[in-house]
Amino acid sequence: MAVASWRKTMAPLYERRQGPRKLALEPTVAPASRWNPVLSGEAGPHGDRFIRTHVDSEPLPASDADIAFAPVTKLSRWIEQGKITSERLTLIYLKRIEQFDPKLRCVITLTRDHALAQARKADQEIAAGNYRGPLHGIPFGVKDLLDTAGIPTTYGAEPYRDRVPDQDSAVVKRLYTAGAVLVAKLSLGALALNDVWFGGQTMNPWLLEEGASGSSAGPGAATAAGLVGFSVGSETGGSIISPSMRCGLTGLRPTFGRVPRTGAMTLCWSLDKLGPMTRSVEDAMLVLQAISGPDAGDVASVPSHLDFDANKSVKGLRVGYFPNWMKERPATDVDRSALPALEKAGMVPIEIAIPDWPYASLNLILFAEGAAAFEDISLSGAINQLKIQTPDAWPNIFRESRFLSAVDLVQADRLRRKVAEEMSRVFSQVDLLLVPSLRDEMLTITNFTGHPSLTLRAGFVEVQKARSDWAPDPSRPLPTFSTPRRVPHGITLIGRLFEEGTMANAGLALERIFGVVGERPPGF
């Protein structure tokens, strides 16, 4: 009966797929239903305070490389005090991009003339006494899914490589308002998946035989190699955390809704988040402060306040951890050593647990939204131009997603609410979570519940084989090393909704104890 009546009962509902497609859905049109991570009855954002670390005046290093690798916390003081001009700093980074990008393939579009004009303007303003704040005159790069007026924004994907928007995205506008200087549009895996784009694979500065990981591969490689002062990446399911881990960075994934996505490529309306990728914890907070706040173009963006005092004590903070996860891969000795570091900082580790639920089934939502976002190039066949056409790449996932059940989508959405309630229960017991950065369950859970995360370098591990985001391919084995290679390893803190300040305070305390943030990738 169902088969016989399909064409009459259901086929008319498929106008989008079957045609004649009487109405175009512009990329800016978001779904009517939207995710709100704040549960009914919970308090919304509160507090509005931002206090930087007080540092004594430091001399400007003699070496350009030492200047390039300095955190924004120092760069900004040097610019404010007139020890270096924005133009000179911009020229240092442009020269480093010219020198090192051929090895890394992390820049899609270099904005040299644009950057130098912005830098000279910044110097004029600062000389006239119009200092805008800690990002004024600081060169930066953004993942090439953030629109930039008159500058190509390609999504790293062949069908969009000639795309030139006529407006800046909200985040880019805010960074310009803060006085920052755009030097490069940075690579991303095509349509925000992994680390291969139409120009090749972006490589890890710490281990040039492996990819930088994705999808914020360019921000990861460029920031780690000292080619920019800071960068902005995006995350839907691990795209800030993973390259921050691989490249030894600090990556901050904000609470869903804190940073507006107006003018950013949409992969998943209810999951996409934009956040800083930097060389230190406080740098990430300086950038977050500049880009936070609602924008009319993003229906999911909300008013939010940032309560951060870099000098605040972390004594007594309750930090939850999963004992079994610390004993299993992907956890390492570096992850396990973070537990005594918590106690050394005065925080209190607390064992916690969550139910054994099918968290991976939440990805049905991501696949359905992603296939909808890129329906046009899927139906037209333009998606066939993408370099990677493996079973785990977007072209195949988008094709398969046309056959997902609408009923199953609603059930996955109901599971999402239940998982959010479980996370609320967990955070009634602890202030923060400490987790192995690439633990699949927590990557999935916290991206779907919208909780913020902070990934920071905690130490080093040795690897005997190059790592990859892609499923193993027997015909193209990854490089192996007879002598193990030393690479950075990070831990991840998960915070309560809109409590990035508490998360950053814990990160600052751990960063000081770990004492590894200043080491650079060899050869850069």
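- Side-chain atoms of T202 and W197 include a donor-acceptor pair closer than 3.5 Å.
- No side-chain donor from either of R161 and Y155 sits under 3.5 Å from a side-chain acceptor of the other.
- Of all heavy-atom pairs spanning L146 and A264, the tightest one is CD2-CB, 3.8 Å.
- In summary, the side chains of T255 and E500 do present a donor paired with an acceptor at a separation below 3.5 Å, with no hydrogens or angles considered.
- A donor-acceptor contact under 3.5 angstrom links the side chains of S215 and S239, judged on distance only.
- For the residue pair T332 / D335, a side-chain donor-acceptor distance below 3.5 Å is found, with atom types taken as modelled.
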Show the numbers, then the answer: is there a salt bridge (Lys or Arg N to Asp or Glu O under 4.0 Å) between D147 and R163? CA-CA 10 Å; D147 280 357; R163 179 179 176 273; 3.0 Å; yes

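- Looking at T236 and K273, their side chains never bring a donor and an acceptor atom within 3.5 Å of each other.
- The shortest heavy-atom contact between V334 and S337 is O-OG, 2.7 Å.
- A donor and an acceptor atom, one from each side chain of S301 and R258, are nowhere located under 3.5 Å apart.
- Under the 3.5 Å distance criterion, with hydrogens and angles disregarded, a donor-acceptor pair is assigned to the side chains of S213 and D469.
- The aromatic ring centroids of H451 and F427 lie less than 6.0 Å from each other.
- Taking the side chain as every heavy atom from C-beta outward, L415 and S361 approach each other to under 4.5 Å.
- Looking at E210 and S468, their side chains never bring a donor and an acceptor atom within 3.5 Å of each other.
- In this pair, W394 and F398 present their aromatic rings parallel. The plane angle is below 30°, not in the 30 to 60° band.
- Annotation: side chain of T502 is in contact with side chain of L317 (closest heavy-atom distance under 4.5 Å).
- Atom CZ of R414 sits in a sparse spot, with 12 or fewer heavy atoms from other residues, nucleotides or ligands closer than 6.0 Å.
- The closest side-chain donor-acceptor pair between S216 and E235, if any, does not fall under 3.5 angstrom.
- A donor-acceptor contact closer than 3.5 angstrom links the side chains of R416 and S270.
- Residues G200 and K387 share a closest heavy-atom pair of N-CE, 4.3 Å.
- Looking at every heavy atom in both residues, R174 comes nearest to I291 through NH1-O, 3.1 Å.
- With contacts defined as side-chain heavy-atom distances shorter than 4.5 Å, the pair I383/E158 does not qualify.
- Taking the side chain as every heavy atom from C-beta outward, V302 and F498 approach each other to under 4.5 Å.
- The closest side-chain donor-acceptor pair between N324 and E328, if any, does not fall under 3.5 angstrom.
- Here the NZ atom belonging to K185 is positioned 12.5 Å from the NZ atom belonging to K143, to the nearest 0.5 angstrom.
- By the 6.0 Å and 45° rule, R34 does not stack over the aromatic ring of W269.
- Contact between P152 and D144 at its shortest, heavy atoms only, is O-OD1, 3.4 Å.
- Checking side-chain atoms of S401 against main-chain N and O of I397 turns up a donor-acceptor pair under 3.5 Å.
- At a cut-off of 3.5 Å, with distance as the only test, no side-chain donor of T250 or T278 sits close to an acceptor on the other residue.
- Counting all heavy atoms, side chain and backbone alike, Q389 lies closest to N384 at NE2-O, 3.3 Å.
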